[in-house]
Amino acid sequence: MSQNGGVSTSNAIFEIDDDDFSRFSEKPKPIITERKRSFDEKSFSELSIPMSPRPFYRNTENSSRVFEPVDSIYSSGGRSGFDTPRSDNGFETHPIVSEAWEALRQSIVYFRSEPVGTIAAIDHSEDKLNYDQVFVRDFVPSALAFLMNGEPDIVKNFLTKTLRLQSWEKKVDLFKLGEGVMPASFKVHHDAVRNTETLVADFGEAAIGRVAPVDSGFWWIILLRAYTKSTGDSSLADKPEVQRGIRLILGICLSEGFDTFPTLLCADGCCMIDRRMGIYGYPIEIQALFFMALRCALQLLRPEGEGKEFIQRIVERLHALSYHMRNYFWLDLKQLNDIYRFKTEEYSHTAVNKFNVMPDSLEDWVFDFMPVKGGYFIGNVSPARMDFRWFCLGNCVAILSSMATPEQASAIMDLIEARWDELVGEMPLKISYPALEGHDWKIVTGYDPKNTRWSYHNGGSWPVLLWLLTAACIKSGRPQIAKKAIELTEARLLKDGWPEYYDGKTGRFIGKQARKNQTWSIAGYLVAKMMLEDPSHLGMVSLEEDKQICPQIKRSHSWTC
Ligand code: GLC
């Protein structure tokens, strides 16, 4: 079984009226060869690809809410798609690029003749479950591909339709969900008798395990910023209903409660890993997305009325969150050694082992995995618990959002290089490492046959993660790492039919229950490819370090050595 459950139509049907946003032509557009560029990377020639290790940090975007029009800075000169066999900067266009575009276009979902998203997978050989839906998280790489290709309309439509869905009352049985919750997914319901179309959304009330899509709202904010940055059009973000949507999402995250940490407490399965996998608590994927969404919101929120108050709360939270993450989630050789020697049962403010972690909870694999040079953000930190597993998405987003210091970003890259066989192997990229096996698998996953060792979320390899790796590599000045990974996928992805994930220690096998023609595998490849060819796209998904928001680290500076 997939995580994806069928959608009940009983309480989740939303009639979406045509609204005031722009219309689309019914037919998919041809690829636009004159591509718009993100506008904060002024001199593209500063980045030459067979690269010097110089990091790609040079925009001035921290001046919030400054979105200049793209064309004022760039003359268009990009290329993409079928019709240009060779790029400006010496890259050969791989033959699978055109196949990928065609497959991506086939996945477009229309609502009342307007493109509103892309379907998760077009695979007729399998029980569809809800792979016939538009998932918020899955649409992000599709959206980026369209933005990079100068086709922002589908993205704008997606953002506005999902915003309308947010305003609906959502319930699981008798329990009402938070107002700001964004759907995990939606689909278009055609009523042949009434000849109408309605949107049907799932906020977790139909999903297997009733998992909460905590990441959806964060991705929505991140995508809104990418759209604004790519198009230079801030009129969408400035609309009162969009401003309200941002505030509603953040309202549920910033509310005061019993928390003793600035991280966000979540139930298992709250993100891309949407099944029980022992990520409950403070999973790195959510913390990194939360951090990034907060920073994007700072740029998007209008500093008036309620917006002003939110900005203040965001700044305070970011300050505490970056301190917490950079200090307590970070693991490198020095920190590992410190934990290994931790004393326990320390009381009071002077405690070194603040969370009372038992050194015996360090598993053997961590000592082998940790290179001399390198480090990463671990999976989870809470009382007496450190989940030392590596999670790819969280670490890449940590780099893109600058939750990681520049030194930590480099260290993550060092680790990926040093542990290439484990994390990349034959097919990029491991979603998590290592796999849970035997007794651990039974206890942690609850005997989940889909998440057996080295499969699916449990150490499986997901091509979609390629775009995140590529963006993180470019940002930290290591694009050659991404190039190697992209080449690996090019050897197989199309041939294998764009699978959702691969299995095995090195990712050699097409995943046991992997869907074929999985849209985000297709879009992830395209985005990686376009970004590597034209790193000025990076600005859409990257934020520079803001020293005022992120306090200096007090703990050992082990990663600087
Ligand atoms: C699976 C994945 C989830 C994805 C969905 C649609 O449930 O775990 O991350 O969004 O499929 O592709």
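Sequential numbering from 1 along the given sequence is applied to the chain's residues. Order of listing sets the numbers, starting from 1, for every ligand and every atom in it. Keep in mind the model is a prediction, meaning the values are calculated, not measured.
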Fill in the blank from the handout: Per-atom filter on ligand 1: closer than 4.0 angstrom to a heavy atom of Glu500 are 1 (C), 11 (O)

Handout entry: Note: Arg137-Glu285 ion pair, threshold 4.0 Å (strictly below)
Key = no

Problem - Nitrogen or oxygen of Gln518 less than 3.5 angstrom from that of ligand 1 - result: yes

Exercise for the section: Please state whether the rings of Tyr433 and Trp365 are parallel, tilted or perpendicular, taking 30° and 60° as the class boundaries. Expected result: perpendicular

Exercise for the section: Please examine the side chains of Arg244 and Glu179, heavy atoms only from C-beta on, and report whether any two atoms are closer than 4.5 Å. Expected result: yes

Practice task
Mind jotting down which residue pairs meet the side-chain hydrogen bond (donor to acceptor under 3.5 Å, both in side chains) criterion with at least one end in residues 389-398? Sequence neighbours excluded, please.
Solution key: Asp387-Arg389

Practice task
Please examine the side chains of Tyr501 and Ile431, heavy atoms only from C-beta on, and report whether any two atoms are closer than 4.5 Å.
Solution key: no

Handout entry: Gln133 near ligand 1 by a heavy-atom separation under 4.0 Å
Key = no

Handout entry: Arg137 and ligand 1 - part of the residue with a heavy-atom distance under 4.0 Å
Key = side chain

Handout entry: Check: Met272 N/O within less than 3.5 Å of ligand 1 N/O
Key = yes

Handout entry: Sub-3.5 Å N/O-N/O distance, Trp520 and ligand 1
Key = no

